[in-house]
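The structure appears right after this line, and notes come after that.
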Amino acid sequence: MLTKAAPKTLRWQRSKYSPLARQIDIFAAAGKFMFFLWWDGLLQNNSPHTRRIRAHWLVNTLLNLGPTFIKIGQSLSTRADLLPLEYVKELEQLQDRVPQFSSEEAIALVESELGKDIYALYRDFNPSPIAAASLGQVHKARLHTGEDVIVKVQRPGLESLFDLDVKAVRQVMRFCDRYLPGTRKYDLESIYHEFFKILYQEIDYVQEGKNSDRFSHNFREYPQVIVPKVYWQYTTKKVLTLEYAPGIKVDDRISLEAIGVDIVKLNQLGICCYLKQLLIDGFFQADPHPGNLAVTEDGSLIFYDFGMMAEIKSLAKDQMVKTFFAVMRKDTDEVLNTLISIGLVEPMPDMMPVRRLIAFLLDKFIDKPIDLQAFNEIKNELYIMFEQQPFRLPAEMMFIVKSVTTLDGIARTLDPNYNFIASAQPFVKSIAVSKGRGNAIGELARQARSFITYKLRQPSKSQFFLKRLEQRIEEGELQIRVRNIESERALKRINLALKTLIFACLTGFVFLSGAVLLVGGYQTGAIAAFAVSGFGGLFVLRSLLDLLVKEKLDRMVDR
């Protein structure tokens, strides 16, 4: 009789897992992957088949290492513009391949947390999860009052696993600080503390419920943004009961087009939602991967996961407002100044490579699809910039950059012709006509109206061309060469005279050497030296004749 084999227990699912064993697993995985990349580079074996094998191994390794590293992989899965396609396709499977835990464990945890039998709590409870995430899994259920809900149940032993990861990653940080001094300028210590602070908040479902209510309140006037309702009487730190709100994954372009969803409008909705979160609310979803976003049949956007939220301080938010509108205006100097103020760029004596990079990015990528080959145009500036390392990533900005780049990756997956400025236009227009209640909104409205005025007064193509030409000359991209015939002739005569003088000096030195050798009784050496000095004398004579001829010709021309 055949029996179904039990699923393999992953390393992070062990009941007893020591800090030393965890550190060994993490260091071994990182070392092995680095060795694979080094070996492939050594053999120049970088074919799609090889990359697919390495990517498959990486996904399995991240699954083995557990929730912390699964989240890293999920973020990378949206960056098709940064990673090879083979890696992106494999990492996308992390959204769906996270292993579930048994229904018995899930039911036992729900009953323990809520203090009642599962069917006293819910009329129906599906023991098979409809989705498994890195931190928990979701079961569909129905309340006794008739509402369909989903019950989010935390993975058993998750907090103790995070405790091990804190120690293991801390050891990695110390290793980098001690043996890789180049990493010190990136302030990894602050990023480490910020990451784990938010990660611990994410496993507190009571806090997630509060975040959900706050997010829902912020978007109460936006009917196209759906936030599932929290049922607080069925919610604890490890169990969360939410309204059932099904939808299509936000990156499933084929399914979305099949039901008639306008991809361009969907991108506009997503971009405007995040601009509102970042620039108005200062409270945003820090982990917007495709598993946390869905779309309804009428094109509305559903936000599911509010465990990983972050806040922006008022000062940073003001700087972000200025940065955003400076990007919209393609104002290179203002973008650079605000990035320095925020802390994303480290000031250095020569900021020209950074300024040129920002100008290049604004010109090439803001209102058109990304073409990575275009970076060849500024490869020298990139080399200088990264050699001096002017960029840094403060801890408080890490999740902003992560969210924006993740959302940008999703938008480009949906629409290869995605245009950031076009997608942000509805947000700018809505802000420009607002009354400007409060300092933050007032500043945002002023910036929006200023931007619209700028667009209306935008210079003509000829004016823009002349301005760009002047800028390129200032930045050293173009050089003006003035040719002076008289100066060129004089420089040539001086050059020839210097050569003649050098030949004469060398010839005289060799002749004197021959004389010294002759007095010392070294006749053979003296003869060789006199012969060399004789040839040198011929070269000197020829150079003098050339110089005399050039002087006469120049005088004839001047007459």
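The analysis underlying the following values was restricted to heavy atoms, covering all of them including side chains, and did not include hydrogens, waters or symmetry mates.
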Once you measure the plane-to-plane angle for [X] and [Y], does it fall in the parallel (<30°), tilted (30-60°) or perpendicular (>60°) bin?
| X | Y | answer |
| --- | --- | --- |
| His139 | Phe125 | parallel |
| Phe35 | Trp39 | parallel |
| Phe162 | Tyr200 | perpendicular |
| Phe215 | Phe306 | tilted |

Side chain to side chain contact (heavy atoms under 4.5 Å, CB included), that's the test. Do Ile53 and Phe36 meet it? Break it down for me. CA-CA 10 Å; Ile53 292 174; Phe36 285 154; over 6 Å; no
Are Lys210 and Asp204 within salt-bridge range, i.e. N to O under 4.0 Å? no
Do [X] and [Y] have side chains that get closer than 4.5 Å, going by heavy atoms?
| X | Y | value |
| --- | --- | --- |
| Phe427 | Ile280 | yes |
| Thr413 | Arg253 | no |
| Arg155 | Leu135 | no |
| Val59 | Tyr87 | no |
| Val250 | Asp252 | no |
| Val151 | Leu121 | no |
| Val110 | Tyr234 | no |

Using the salt bridge (Lys or Arg N to Asp or Glu O under 4.0 Å) rule, collect all pairs that involve residues 267-280, keeping only residues at least two apart or in two chains. Lys276-Asp281
Where at least one partner belongs to residues 129-149, residue pairs that pass salt bridge (Lys or Arg N to Asp or Glu O under 4.0 Å), sequence neighbours excluded: Arg142-Asp148
Give, for atom [atom1] of [X] and atom [atom2] of [Y], the distance between the pair rounded to the nearest 0.5 Å.
| X | Y | atom1 | atom2 | value |
| --- | --- | --- | --- | --- |
| Leu109 | Lys238 | CG | NZ | 6.0 Å |
| Asp124 | Leu143 | CG | CG | 10.0 Å |
| Ser423 | Gln268 | OG | CD | 5.5 Å |
| Thr241 | Tyr231 | OG1 | OH | 9.5 Å |
| Glu113 | Leu240 | CD | CG | 12.0 Å |
| Leu158 | Asp165 | CG | CG | 9.5 Å |

Side-chain donor or acceptor of [X] paired with backbone N/O of [Y] under 3.5 Å:
| X | Y | value |
| --- | --- | --- |
| Thr61 | Trp57 | yes |
| Tyr304 | Ala245 | yes |
| Gln277 | Gln285 | yes |
| Gln201 | Gln207 | no |
| Glu208 | Asp305 | no |

Between Phe33 and Leu58, is a side chain to side chain contact (heavy atoms under 4.5 Å, CB included) present by the stated rule, with each step listed? CA-CA 8 Å; Phe33 185 61; Leu58 178 61; 4.2 Å; yes
Are a donor atom and an acceptor atom from the side chains of His56 and Asn60 found within less than 3.5 Å of each other? yes
So, His217 versus Arg214: side-chain donor-acceptor pair below 3.5 Å or not? no
Minimum heavy-atom distance [X]-[Y], with the two atoms named:
| X | Y | result |
| --- | --- | --- |
| Pro246 | Ile302 | O-CD1, 3.5 Å |
| Leu91 | Leu62 | CD2-CD1, 3.9 Å |
| Pro228 | Ser212 | O-OG, 3.6 Å |
| Ala168 | Ile26 | CB-CD1, 3.3 Å |
| Ala106 | Gln137 | CB-NE2, 4.0 Å |
| Leu161 | Pro67 | CD2-CD, 3.4 Å |

After noting the C-alpha distance and the side-chain angles of Val138 and Leu242, does the key distance pass the side chain to side chain contact (heavy atoms under 4.5 Å, CB included) rule? CA-CA 10 Å; Val138 175; Leu242 300 166; over 6 Å; no
Yes or no on side chain to side chain contact (heavy atoms under 4.5 Å, CB included) for Phe303 and Cys273, after CA distance, side-chain angles and deciding distance? CA-CA 11 Å; Phe303 288 82; Cys273 278; 4.2 Å; yes
Would you say Glu297 has more than 12 foreign heavy atoms packed within less than 6.0 Å of its CD? no
